[in-house]
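Everything below concerns the one structure shown next.
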Amino acid sequence: MVRASMEGVIYSIYHIGHALERLGNQHDVIYASDGFARSSLWLQMLADTFGKPVKIPNSHQSSAWGAAWLVLCSVENYHLKDIKHSVTMSHEIEPNSVNHDKYQHIFSIYKNLYDQLKTTFHQLP
């Protein structure tokens, strides 16, 4: 039951990733930080679902650093794309292609169910 819940969260992230790609935001690597990055299971599931490597920073406080960087971009002459040079990576998780194929199949079912339930979501208060 716990794993199914974790996979549901990963599929939600993956679904958002698809929406971003439709908007022209392509990605070859995924970066994970904070508490999420402390779980090897979450990280492997993320890499396997996306079929892309996941990089983990040395500091698990990278999200806070990202927020601070956004402030620097707004008040100084910093550029968001340059943040990658200031956050050092600890290691990388490679996707398992067999698991990726399984997750792709299950995601198609997830997406189909999501699309079928969309009209039901509108009935919620």
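One is the number of the first residue; the rest follow in order along the sequence.
Note on ring orientation: taking the six-membered ring where Trp is involved, the planes of Phe36 and Trp42 are tilted (angle from 30° to 60°).
Of all heavy-atom pairs between Leu43 and Ala37, the closest is CD1-O, 3.3 Å. Among all heavy-atom pairs drawn from Val54 and Ala32, the shortest one is CG1-CB, 3.8 Å. Closest approach of Glu94 and Gln44 over heavy atoms only: O-NE2, 3.0 Å. The two residues Gln104 and Thr49 make their nearest non-hydrogen contact at NE2-O, 2.9 Å. Pairing each heavy atom of Pro57 with each of Ser33, the nearest pair is CG-CB, 4.2 Å.
Val29 is connected to Met89 through a chain of hydrophobic side-chain contacts under 4.5 Å among Ile, Leu, Val, Met, Phe, Trp and Tyr, so both are in one cluster. Ile16 and Phe50 fall into different hydrophobic clusters, where Ile, Leu, Val, Met, Phe, Trp and Tyr side chains are chained together by heavy-atom contacts under 4.5 Å. A single hydrophobic cluster is seen to contain both Ile106 and Met6, as judged by linkage of ILVMFWY side chains at heavy-atom distances under 4.5 Å, directly or through other members. In terms of hydrophobic clustering, with Ile, Leu, Val, Met, Phe, Trp and Tyr side chains grouped at heavy-atom distances under 4.5 Å, Leu41 and Ile93 are assigned to a common cluster. No continuous path of ILVMFWY side-chain contacts below 4.5 Å connects Tyr31 to Val9, so the two sit in separate hydrophobic clusters.
The residues Lys52 and Glu21 are annotated as salt-bridged, a charged nitrogen and a carboxylate oxygen being separated by less than 4.0 angstrom.
Rounded to the nearest 0.5 angstrom, Leu117 CG and Gln123 CD are separated by 10.5 Å. Asp101 contributes atom CG, which lies 9.0 Å from atom CG of Asn99 (distance to the nearest 0.5 angstrom). One distance of note links OG of Ser39 with CG of Leu46; it measures 10.5 Å at 0.5 Å rounding. Taken from CD1 in Ile13 to NE2 in His18, the straight-line distance is 12.5 Å, to the nearest 0.5 Å. A distance of 10.5 Å separates OG in Ser97 from NZ in Lys102, rounded to the nearest 0.5 Å. Leu20 contributes atom CG, which lies 9.0 Å from atom CZ of Arg22 (distance to the nearest 0.5 angstrom).
Around the NE2 atom of His91, the shell of radius 6.0 Å holds more than 12 heavy atoms that belong to other residues, nucleotides or ligands.
Between the side chains of Tyr110 and Glu7, no donor-acceptor pair is found at a separation under 3.5 Å.
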Show the numbers, then the answer: is there a side chain to side chain contact (heavy atoms under 4.5 Å, CB included) between Ile109 and Asn112?
CA-CA 5 Å; Ile109 296 168; Asn112 188 26; 5.7 Å; no
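At distances below 3.5 Å, not a single donor-acceptor pair connects side-chain atoms of Asp48 with backbone N or O atoms of Pro95.
With ring centers used as reference points, Tyr14 lies 6.0 Å or more from Tyr11. A distance of 6.0 Å or more separates the ring centres of Phe107 and His100.
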